[in-house]
Amino acid sequence: MAEPNARHTPRQGNPFHMGFGGGPSRMMVPHERPKSAAATLLRVWSYLGGQRIGLVIVFIATALSTIFALIGPYLLGKSVDEFIIPRDHNGFWRMCLLLIAVYLIGTIVSWIQQYVMVGVSQNTVNVMRRDLFVKLQSLPLRYFDAKTHGELMSRTTNDIAMVSNTLNQSVIQLISSAFMLVGSLVMMLATSVSMTLVTIITVPVIGLATQRISKYTRKFFAGQQKSLGEINGLIEETISGQKVVKVFCREQKALQEFRAINQRLRESSVKAQSLSGIMGPMMNAMGNLSFAIIALAGGWLAMDQVITIGVIVSFLNYSRQFSQRINQLANQYNMVQSAIAGAE
């Protein structure tokens, strides 16, 4: 929130500073942005660094939940080969109890992970909000004269809320998905290299599509946040100065300004949400395609006795986990794009 270098000019959007003599509009004051998204992420990470103990607990809990999630498919494949096909009822029931214990412990660890991360994110946002308010108190008067009250309120409420929601939801998903992707790949390679190659055949397509789409989504999310701040500023000052608007017959002018900003907000929001909404269905389609390819290739190899039925069962579960995590990474990446726009 650096001080603008432009010369002091009255706010054109403020009813109390109508500026009938003319002057540059307040909406034309440029917003200072970080040079790169990486710089913004590093600064947000510096705030998260103050919650080291909580982050360590989250990383450990994430690793444990990933391990338990990876053990499940392995035990399923083993139970098919060693107990279901040989019709070993006693071994089958023992395996069922073991699977219940594994999934139950994994669920408890995941709950601890989520609980601690909520505390970490809220403490982080608490510090960010405090620093933002302290910064506002130290800025010169000309800065506030170049910004509407509603725009500043949008920075301290909407943008901070966007960062808070991302820290609550996306950070833990990103860490968990990264752990699960690596773990699933290791387990699949340890089980069958040929089936692993079949499983990851769709990954390059997904990566290329995600890169192309994310190139545009960040720009539209940034425009959405900017227009949101402008419309909040116009509404706040128009309503608080409604008497002055009436006295100077500025109703139509206020309506025109509102329609223009509202139209920009609608256009940027539609583009941002539409592009980000493509990711989910596309990832699901790629996941289903990968699932079908694995079932077909696995069945062929099983008939040639290259692999067992249990290996196919394990791989189908690992491939589902693998595709789901890629899907989550793609979806969370779009949410991170929106949060970066708010953080800027």
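Remember, predicted model here, so these are calculated numbers, not experimental data. Heads up: numbering here begins at 1 and tracks the sequence. Heavy atoms only: backbone and side chains are in, while hydrogens, waters and symmetry mates are out.
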**Message:** Return the CZ to CG distance between Phe68 and Leu104, rounded to the nearest 0.5 Å.
**Reply:** 10.0 Å
**Prompt:** With a 4.5 Å heavy-atom cut-off, do Arg52 and Leu55 have their side chains touching?
**Reply:** no
**Prompt:** Do Val313 and Trp300 sit in the same hydrophobic cluster, where Ile, Leu, Val, Met, Phe, Trp and Tyr count as joined when their side-chain heavy atoms come under 4.5 Å apart?
**Reply:** no
**Gap between atom CZ of Phe322 and atom CE of Met187 - 0.5 Å precision** = 14.0 Å
**Prompt:** How far apart are the closest heavy atoms of Tyr318 and Leu70, and which atoms are they?
**Reply:** OH-O, 2.9 Å
**Message:** For a quick test of reading the model, state the closest non-hydrogen atom pair linking Gly77 to Ser314 and the distance between them.
**Reply:** CA-OG, 3.2 Å
What donor-acceptor contacts under 3.5 angstrom involve side-chain atoms of residues 113-131, with partners at least two apart or in another chain?
from, atom 1, to, atom 2, distance (Å)
Gln113, NE2, Thr62, OG1, 2.7
Ser121, OG, Met117, O, 3.2
Ser121, OG, Val118, O, 2.9
Ser121, OG, Asn168, OD1, 2.2
Gln122, NE2, Ser164, OG, 3.3
Asn123, ND2, Gln51, OE1, 3.4
Asn123, ND2, Gly119, O, 3.1
Thr124, OG1, Val120, O, 2.7
Asp131, OD2, Tyr47, OH, 3.0

**Message:** My understanding is that only residues two or more places apart in sequence, or in another chain, count here; which of them pass side-chain hydrogen bond (donor to acceptor under 3.5 Å, both in side chains) with Gln263?
**Reply:** Glu267
**Item:** Over all atoms of both residues, closest heavy-atom pair of Gly72 and Val102
**Value:** N-CG1, 4.4 Å
**Prompt:** For Phe144 and Leu136, what are the C-alpha separation, side-chain angles and deciding distance, and is it a side chain to side chain contact (heavy atoms under 4.5 Å, CB included)?
**Reply:** CA-CA 9 Å; Phe144 295 96; Leu136 286 173; 4.1 Å; yes
**Exam field: side chain Thr196 to backbone Met188, donor-acceptor pair closer than 3.5 Å** = yes
**Item:** Least distance between heavy atoms, Asn317 atom then Pro73 atom
**Value:** CB-CB, 3.6 Å
**Asked** Going only through I, L, V, M, F, W and Y residues with side-chain contacts under 4.5 Å, is there a path from Leu296 to Ile294?
**Response** no
**Complete:** Looking only at heavy atoms, the pair that brings Ala61 and Val109 closest together is O-CG1, 3.1 Å
**Message:** When you group the ILVMFWY residues by side-chain heavy-atom contacts below 4.5 Å and let the links chain together, are Leu189 and Phe315 in the same group?
**Reply:** yes
**Prompt:** Are Leu255 and Ile235 connected, step by step, through hydrophobic side chains (Ile, Leu, Val, Met, Phe, Trp, Tyr) whose heavy atoms are closer than 4.5 Å?
**Reply:** no
**Message:** Tell me if the CD1 atom of Ile53 is crowded by more than 12 foreign heavy atoms within 6.0 Å.
**Reply:** no
**Prompt:** Is there side-chain contact between Trp111 and Thr107, with at least one heavy-atom pair below 4.5 Å?
**Reply:** no
**Message:** Rounded to the nearest 0.5 Å, what separates atom CZ in Arg266 from atom OG in Ser227?
**Reply:** 12.0 Å
**Request:** Could you tell me the separation between the CD1 atom of Ile231 and the CZ atom of Arg259, rounded to the nearest 0.5 Å?
**Result:** 12.0 Å
**Fill in**
dist Cys96:SG -> Leu76:CG (nearest 0.5 Å) comes out at 9.0 Å
**Message:** Within the 4.5 Å heavy-atom criterion, are Asp88 and Glu82 side-chain neighbours or not?
**Reply:** no
**Request:** Please indicate whether Tyr103 has more than 12 foreign heavy atoms, meaning atoms of other residues, nucleotides or ligands, lying under 6.0 Å from its OH.
**Result:** yes
**Request:** Would you give the length of the straight line joining atom CE of Met195 to atom CD1 of Ile307, rounded to the nearest 0.5 angstrom?
**Result:** 4.5 Å
**Request:** Treat each ILVMFWY residue as a node, draw an edge where side-chain heavy atoms are under 4.5 Å apart, and state whether Ile108 and Ile57 are in one component.
**Result:** yes
**Item:** Closest heavy-atom pair and its distance - Leu265, Gln224
**Value:** CD1-O, 3.5 Å
**Request:** Could you please spell out the steps behind the side chain to side chain contact (heavy atoms under 4.5 Å, CB included) verdict for Trp93 and Phe83?
**Result:** CA-CA 9 Å; Trp93 287 115; Phe83 303 117; over 6 Å; no
**Prompt:** Less than 4.5 Å apart, any side-chain heavy atom of Phe220 and any of Val270?
**Reply:** no
**Request:** Go through the structure and list residues passing side chain to side chain contact (heavy atoms under 4.5 Å, CB included) with Ala254, not counting sequence neighbours.
**Result:** Thr238
